[in-house]
*Asks:* 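Structure provided below as C-alpha cells; questions to follow.
We name chains A, B, ... by the order of the sequence lines, and we start the count at 1 in each one. Bear in mind that the values here come from a model prediction, so they are computed numbers and not experimental data.
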There are 2 protein chains.
Amino acid sequence: MLSKKTKYGLKALTYLASMDSKEPVQIAEIAKHENISQKFLESILLTLRRNGFLGSKKGKGGGYYLIKSPDEIQMTTVMRVLEGPIAMVPCVSLNFYEKCEDCPNQDQCSVNKLMLKVRDANLEVYRNNTLADLIP
Amino acid sequence: MLSKKTKYGLKALTYLASMDSKEPVQIAEIAKHENISQKFLESILLTLRRNGFLGSKKGKGGGYYLIKSPDEIQMTTVMRVLEGPIAMVPCVSLNFYEKCEDCPNQDQCSVNKLMLKVRDANLEVYRNNTLADLIP
DNA sequence: TTATTTTCCTATAGATTTAATAGGATAATC
DNA sequence: GATTATCCTATTAAATCTATAGGAAAATAA
C-alpha cells in the first residue's frame, strides 16, 4: 500500500507543478485544495525541501515552490524520498541493499528471484515518468 | 515492503514445489529448512490451504502438499492471497477497487495516473510468472 | 482401546510503523 | 513591533504486522 505521506507528497508536488508562475504557495492553500491535514502536509513539504525538491520562503507572501522544472523531477527520486526503497525486499534494492540474515544464499532464493523482476518493472515505470507527466 | 507472511509463504510454496513427490511435508520440516517460526508458518499454510493452493493430511505422515502443478499457480493469485491487492492504491485496484473519498475526480488525480502504470507493470510480472519459475 | 502425532483454530500479546497533533522557535514582511 | 508563515522536535493515537499460546480435532500406530 502507498503511504498517505507519499500520496499527499505527490499531490502537493503536482499542485505546485501545475502552477503557471513559480511564486511561493502556502501550505494552507495546498492543504485545502488537496484535502490534506495541514500539519501533516507541513512535515511532508519539509522533507521534500530538505531533499532538494522544494524551496521555501517565510513570512507574508511566503510558501513553497518547485526548485526544478517538473520534467526534470524523476519519479524514482520522489518515490525513494517519500516512500523509501522501490524494491520490496532489501536484498534486491539498488539504493538500500541489505543481505537477508535468514537466507543462506540469495542466488537460490525464490523471493529474491521474483522480487528482482518486480523491482525492474517498477524502476522502468518510475524512470520513465517525471512530475510533468502527472499533471492532468 | 513485502510482508514476512508473503515472504515465508512464497518460500514454503517453493519448497513444496521443489519436492519430487507430492507426499505431505510437515510444517516442522519446512520451518526448519527455511528458517521460519513454526507457529507463524502454521497460520500461513492454513490460509494457503483455505485458498486452494495446498492440501493437508493430519496425524503421522501428515503435512501439506501442493494441490496443483507449480506451473499452474500464477503469482497474481498467490500475491493477492498473501499480500493483498497488487495495486498500491484502492482506486486502481482490479480486485479490490474502492473510490478515494478525498479525491474529487480520480481521472484528474496524479496519484491515480502514476499508480495505474505501476499496477500494470506489476501485473505483467505476476501474470508471467508461476511457482514453477521460482524453483532454483 | 489408548497413545502419539500432526494439523486445525481462535484469541491475544508484543512490536513496529504510520498518521496526526501539539507547541513553540525562527525569519520575513508590513 | 505586530503579523504572517515556515521551521523543528517531540509525542500521542491508530493501525498493522509478527509471533505465540493453548487446546481441539483427526489420523495413525501400538
*Asks:* Whole-Å distance between dT18(D) P and Q38(B) CD?
*Replies:* 19 Å
*Asks:* Taking the minimum atom-to-atom distance to the side chain of Y64(A), which one of dG22(D), dT20(D), dT6(D) wins?
*Replies:* dT6(D)
*Asks:* Is the number of heavy atoms from other residues, nucleotides or ligands within 6.0 Å of NZ (K68(B)) greater than 12?
*Replies:*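 12 or below, so no.
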*Asks:* Expressed as a whole number of angstroms, how long is the span from I44(B):CD1 to dT18(D):P?
*Replies:* 8 Å
*Asks:* 5' to 3' on DNA chain C, which nucleotides open and close the contacts with chain B (atom under 4.0 Å from a heavy atom)?
*Replies:* dT5(C) to dT10(C)
*Asks:* Just call it for L45(B): base, sugar-phosphate, or nothing, with non-hydrogen atoms closer than 4.0 Å on any strand.
*Replies:* nothing
*Asks:* Can we say E29(A) and K32(A) salt-bridge, meaning some charged N sits less than 4.0 Å from an Asp/Glu carboxylate O?
*Replies:*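 K32(A) and E29(A): not salt-bridged.
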*Asks:* Ignoring the backbone of R50(A), work out which of dT9(D), dA19(D), dT18(D) is nearest its side chain.
*Replies:*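 Of the options given, the side chain of R50(A) lies nearest dT9(D).
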*Asks:* Tell me whether the rings of H33(A) and Y15(A) are parallel (<30°), tilted (30 to 60°) or perpendicular (>60°).
*Replies:*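 Tilted.
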*Asks:* For the residue pair S93(B) / E98(B), report whether a side-chain donor-acceptor contact shorter than 3.5 Å exists.
*Replies:*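 There is no such pair between these side chains.
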*Asks:* Within this structure, what is the CZ-to-C1' distance between F40(B) and dC17(D), rounded to whole angstrom?
*Replies:* 7 Å
*Asks:* Check the distance between dA5(D)'s P and R49(A)'s CZ and give it to me in whole angstrom.
*Replies:* 18 Å
*Asks:* Would you call D102(B) and K7(A) a salt bridge, taking side-chain N to carboxylate O under 4.0 Å as the test?
*Replies:*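 Judged by the 4.0 Å cut-off on N to carboxylate O distance, D102(B) and K7(A) do form a salt bridge.
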*Asks:* May I have the distance from K39(B) (atom NZ) to dG23(D) (atom P), rounded to whole angstrom?
*Replies:* 11 Å
*Asks:* Check the phosphate of dA5(D) against S56(A), side-chain N and O only, distance under 4.0 Å to OP1 or OP2. Yes or no?
*Replies:* no
*Asks:* Take S43(B) and E83(B), find for each the nucleotide of DNA chain D with the closest heavy atom, and name the residue whose nucleotide sits nearer the 5' end.
*Replies:* E83(B)
*Asks:* In whole Å, I'd like the distance from the CD1 atom of I30(A) to the P atom of dT6(D).
*Replies:* 8 Å
*Asks:* Tell me the closest heavy-atom pair linking L134(A) and T14(A), and the distance in Å.
*Replies:* O-CG2, 3.9 Å
*Asks:* Whole angstrom is fine here: how far is it from NZ in K58(A) over to C1' in dA5(D)?
*Replies:*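 Taking atom C1' of dA5(D) as the reference, NZ of K58(A) is at 9 Å.
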*Asks:* Nearest-Å distance, CG (L46(B)) to C1' (dA24(D))?
*Replies:* 13 Å
*Asks:* Shortest non-hydrogen contact from S110(B) to K11(A)?
*Replies:* OG-CA, 4.2 Å
